[in-house]
Structures are given as C-alpha cells and as structure tokens.
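Below: the structure, in structure tokens.
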Amino acid sequence: QVQLVESGGGLVQPGGSLRLSCAASGSIFSIYAMGWYRQAPGKQRELVAAITGGGTGGGSTNYADSVKGRFTISRDNAKKTMYLRMNNLKPEDTAVYYCNRGRGSDIYSPGDYWGQGTQVTVSS
C-alpha cells in the first residue's frame, strides 16, 4: 500500500523560506514522477512543481509560473523522499501543500496517491 506523508509546513514571514518533505512508503519510489500541489481557501488545487522519475539523478523538473525562480523541487530516491524548497515566500503562497505520485515515469500526470497535506502560512 502506498503512503505519502508531507512535513515541514508552518508559519513564516514574507521573504522567508521553508522546505517541505514528502516521504513515500510501500512502493518503488524512484521510477515514478512526483508532483507538489497546493490549495488555498476557496480555490482549486493547483500544480506547483513536478519532477520526473526513473534512473539516476534528480529528474527533469517544471514549475508553475507563479513560483519559478523561488521554489525548487528535488528528490532523494535512496530515502524515498521528495522535497520542495520554497524561498522568498509571499502571502499568496499560503495554502495546504500536497504531494502526489504520478502515473508514469518520464512525464508527470497526476496519479491516485496523495498525502494528507501540510499547511504553509505566510504572514507578518
């Protein structure tokens, strides 16, 4: 059974940084593309960043325009963990952040497995 557990959220001031983690269990982690989503109150869940799977190295990445240059997605296949480093945080980044295991390896598309979410609040 696949389980995804996010951690690392919290309250941070504008301009601050956080690193989110998504720990996976119960499956072969390295072959799957993975994604980070967020959902703010009253808004739809949106894809923030994704990283492909398979082979060695960190995989190919892509980002939503709103976070390019500020967020970095990465993965450690040995630890079965994905990360989202968030710098220069803005109040509009406030949301619950979720990780998702993709359906395939080389191209990310959302799969059926989600974590429970971790709250990120950016406020002074």
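Values below: all heavy atoms of this structure, side chains included; hydrogens, waters and symmetry mates excluded. Quick caveat, the model's predicted, so the values are computed rather than measured.
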Open item on the list: The test is side chain to side chain contact (heavy atoms under 4.5 Å, CB included); show your working for Arg38 and Arg45 and say whether it passes.
Closed with: CA-CA 6 Å; Arg38 67 185 180 188; Arg45 191 173 296 191; over 6 Å; no
For Tyr108, the other hydrophobic cluster members (4.5 Å side-chain criterion, sorted by chain and number) are Tyr37, Leu47, Val96, Tyr98, Trp114
Flag side-chain contact, heavy atom, 4.5 Å: [X] against [Y]:
{"X": "Phe71", "Y": "Asp93", "value": "yes"}
{"X": "Val120", "Y": "Leu18", "value": "yes"}
{"X": "Thr121", "Y": "Val12", "value": "no"}
{"X": "Phe29", "Y": "Arg75", "value": "yes"}
{"X": "Thr72", "Y": "Tyr63", "value": "yes"}
{"X": "Val67", "Y": "Met86", "value": "no"}
{"X": "Asn100", "Y": "Tyr113", "value": "no"}
{"X": "Gln119", "Y": "Tyr97", "value": "no"}

* Asked: Which is it for Thr52 and Ile107 under the side chain to side chain contact (heavy atoms under 4.5 Å, CB included) test, yes or no, and what are the steps along the way?
  -> CA-CA 6 Å; Thr52 58; Ile107 297 174; 5.8 Å; no
Say you draw a straight line from [atom1] of [X] to [atom2] of [Y]; how long is it, rounded to the nearest 0.5 Å?
{"X": "Leu89", "Y": "Arg70", "atom1": "CG", "atom2": "CZ", "value": "6.5 Å"}
{"X": "Ser124", "Y": "Leu11", "atom1": "OG", "atom2": "CG", "value": "9.5 Å"}
{"X": "Met34", "Y": "Leu4", "atom1": "CE", "atom2": "CG", "value": "5.0 Å"}
{"X": "Tyr32", "Y": "Arg103", "atom1": "OH", "atom2": "CZ", "value": "11.0 Å"}
{"X": "Gln1", "Y": "Ser25", "atom1": "CD", "atom2": "OG", "value": "8.5 Å"}
{"X": "Ile73", "Y": "Ser60", "atom1": "CD1", "atom2": "OG", "value": "11.5 Å"}

The salt bridge (Lys or Arg N to Asp or Glu O under 4.0 Å) partners of Lys68 (sequence neighbours excluded) come to Asp65
Residues passing the salt bridge (Lys or Arg N to Asp or Glu O under 4.0 Å) test with Arg101, sequence neighbours excluded, are none
Residues 114-124 vs salt bridge (charged side-chain N to carboxylate O under 4.0 Å, His left out), sequence neighbours excluded, gives none
Are any side-chain N or O atoms of Thr81 and backbone N or O atoms of Lys79, one a donor and one an acceptor, separated by less than 3.5 Å?
yes
- Query: Does the Glu6 side chain pair with the main chain of Gly117, one donor and one acceptor, at a distance under 3.5 Å?
  - Reply: yes
- Judged by modelled atom types alone, do Tyr83 and Arg19 share a side-chain donor-acceptor pair under 3.5 Å? no
Next on the checklist: Taking atom CD as the centre, does Gln44 end up with more than 12 heavy-atom neighbours from other residues, nucleotides or ligands that are less than 6.0 angstrom away?
Outcome noted: no
Atom CG of Asn88 with >12 non-hydrogen neighbours under 6.0 angstrom: yes
Work out which heavy atom in [X] is nearest to a heavy atom in [Y]; give both atom names and the distance.
{"X": "Lys43", "Y": "Gln39", "answer": "O-NE2, 3.1 Å"}
{"X": "Cys99", "Y": "Met82", "answer": "CB-CE, 3.5 Å"}
{"X": "Pro14", "Y": "Ser123", "answer": "CD-C, 3.6 Å"}

Sorted by chain and number, sequence neighbours left out, side chain to side chain contact (heavy atoms under 4.5 Å, CB included) with Asn87 holds for Ser17, Arg85
Residues at least two apart in sequence or cross-chain that pass side chain to side chain donor-acceptor pair (under 3.5 Å) with Ser7, listed by chain then number, are none
